[in-house]
Amino acid sequence: MDIVACIKRVPDTSEADIIKISPSQKDIEKDRLVFKINDWDEYVLEAAVQLKEKLGGTLTAVTVGPKDWDEVLRRALAMGADSAIRVDQDVSAEDPYAVAIILEKVIRKLSYALVLFGAQSEDFGSGQLGAMVAEMLGIPHATLVTGLEAEEKKVHVKRELEAGTLQSYTIELPALLTIHTGINQPRYISLGGIRRAMQKELQVMSLSDLDLSLEALTPMVRLEKLELPPKGKQAELITGAPEEAAGQLAKILKDAGIF
Amino acid sequence: MTLTDFKYGDVIHRCFRCGYCKFPINWMDVNNCPAYARFRMETYSCGGRLWLTRAWLDGEIEWSDHLADILYSCTACKNCEVKCPLSFNIDILNMMVAAKGEMVERGEIPSAVKDFLENIQRQGNPYGTSRTKRGDWMEGTGIEEYQGQEFLYYVGCVGSYDTRGQQTARVLGKVLQKAGVSFGVLGNDENCDGNEVKNLGEETLFEMLAEENVAQFRGLGVQKVVTLSPHSYNAIKNDYPGFNGDFDVLHYTQLLQGLIRNGGLDVSGGYNATVTYHDPCFLGRWNEEYDAPRAVLRAIPGVRLIEMARNRNGALCCGGGGGNFYIDLLGGSEDSPARRRVREACETGANILAVACPNCLTMLEDAVKAEGLEDKLAVKDIAEIVGEACGIK
């Protein structure tokens, strides 16, 4: 089964207090941040590699971004992708529709039975990209996939809905799935593996290679402003030494009748 | 990889599980392998793990989460290596690290180990806290950044990020200031020393950290290093020379011993307590430094130093080595090595359990709480005891 996995690079924002809005108010300040593969995309790659190990075929990893983004493709290659393509275009200011236009063009050039996306990205989190690309390619799709079994011509998927409700579908291939976290246990990628993957070819494409121009990337949504949420008035920040803070917290919980 | 490709494939079969790897100093009991003490199953002892590794590489058993947990429950405390009577004992711990290395290459490691290693890849510390917060511990201390002073004070990940470790890092900094030692730190520019990374089997990541740290130290003109953690001491002393990093490195207890002896540090304020000392594996068994910490304690007026039955190369590991202070495969039981160790400390009648390692400090302090021994025993780093003896609050 030939698989295309679309992945992206995001800032490691596990600590909210290191996020600062840039003066343009259209982006965050990135110079103090480190970057990593989008959390959902790790599960995408693991799912893709497991399918490849079981059913054979090829796995191509695709991303759209500047040169730094090669690092997520190197991870994909280290994990078991056969080839990797980066479209050399900074789309951080673009909306998902503009990115979907690019990815549709790339995927049409490839052999695929299954296209995999992360259910959403950690940075902008729109969750739209996979569904848009599926519509553009004219293939069926399922979002928020938490269970996946594949045969030669079809996949059986489980989707997670509200309150843990699960929907089961059988979908004819070719199809596109957006993968949720927890669907598998992504393997560790050793630094040695990443270094060995440096030997594998990584194809770089430009917009013109895809018969696209910047003008073609007509956004449907324009970002006006980024801002940090105001500090809630209901929140009380307990400060001081851990022992004192724990004592204060215990008192608050006790006074509230929680224990 | 098959058994024949395994670096130790031709010797691993030589362990016939005599069981000496579990002994402390003598035959007093068989619980000095921390993982065996915790689980009381042969598979968790060094001999058991070697047999399992052989069976796994030979295709007799499949990889499983359980197998990975068993291998990663090894804390690299070196008790097995010191106690094994056979000539191949120099490699039995290396065999375990190599087996972990094979799991790393296959990507099949416990999820907590994966988090540990990925956090170090990204942020240079196992906690995944931002690199930009590494130097937060030194705020308000007046400790200078390294700019050619005599010593680089290398703090390490636990001292930089763990709340309790930070307290110790600050006290040691103040003690060095008080003694007039010329030293500086790297602050946010410090990176993980890699000692645990190596023992978790991620050899390439370790090499990268060692290369980067050596290049940084050399670039700054560092010649002498003093470390808070025995783990850092071990990596810089024993591994960095292989990366062109020949530094004159001291664990802080060695530096303090000299300062006190030469009158450079006044500890006449004293410390009135009955103290028992827990040997950290990476200072003790790994580097055979048993005397400097004890000499520092003995030099402090008021300290009555008594020994636990298991001491020096027979000390029981706190269970925090091999990344287990974070991945915690040995916790959750009254048989956890840290809890066994604090009960043993309590039995001596000491009211202070002194340590010389921030990992041991956090492991044993948690164990005192779990055992409900807070009113009988307090865990203190030797830096804190010295700090009090020289009037530092």
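Values below: all heavy atoms of this structure, side chains included; hydrogens, waters and symmetry mates excluded. Throughout, protein chains are lettered first and strands after them, A, B, ... in sequence-line order, and every chain is numbered starting at 1.
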query = What is the distance from atom CD1 of A:Ile194 to atom CD of B:Gln121, rounded to the nearest 0.5 Å?
reply = 5.0 Å
task = Please report the shortest heavy-atom distance between B:Glu105 and A:Ser190, naming the atom on each side.
result = OE2-OG, 3.0 Å
message = Under 4.0 Å between a side-chain nitrogen and a carboxylate oxygen: does that hold for A:Arg75 and B:Glu118?
response = yes
note = Note: A:Gln185 and B:Ser111 closest approach over all heavy atoms is NE2-CB, 4.0 Å
ask   = For A:Glu53, does the CD atom sit with more than 12 other heavy atoms under 6.0 Å from it, leaving out its own atoms?
value = yes
task = Find the distance between CG (A:Asp12) and OG1 (B:Thr129) and round it off to the nearest 0.5 Å.
result = 10.0 Å
ask   = Under a 4.5 Å heavy-atom cut-off, does chain A meet the side chain of B:Gln123, its backbone, both or neither?
value = side chain
request  = Taking ring-ring contact (aromatic ring centres under 6.0 Å, His included) as the test, write out the residues that go with B:Tyr127, two or more places apart.
outcome  = none
query = Is it the backbone or the side chain of B:Met103 that comes under 4.5 Å from a heavy atom of chain A, or both, or neither?
reply = neither
key: Under 4.5 Å from a heavy atom of chain A, the part of B:Arg131 involved   = side chain
request  = Would you indicate whether B:Glu374, at its atom CD, is surrounded by more than 12 heavy atoms from other residues, nucleotides or ligands within a distance under 6.0 Å?
outcome  = yes
Chain B contact via A:Ile18 - side chain, backbone, both or neither, heavy atoms under 4.5 Å = side chain
request  = Name the region of B:Thr163, side chain, backbone, both or neither, that has any atom closer than 4.5 Å to a heavy atom of chain A.
outcome  = side chain
request  = Please list, in residue-number order, every residue in residues 21-45 of chain A that has a heavy atom less than 4.5 Å from any heavy atom of chain B; write 'none' if there are none.
outcome  = A:Arg32, A:Val34, A:Phe35, A:Lys36, A:Glu42
message = If we define contacts as heavy-atom pairs under 4.5 Å, which of B:Lys114, B:Arg164, B:Arg106 has the most with chain A?
response = B:Lys114
query = Under a 4.5 Å heavy-atom cutoff, which of B:Glu207, B:Lys133, B:Glu108 has the most pairs with chain A?
reply = B:Lys133
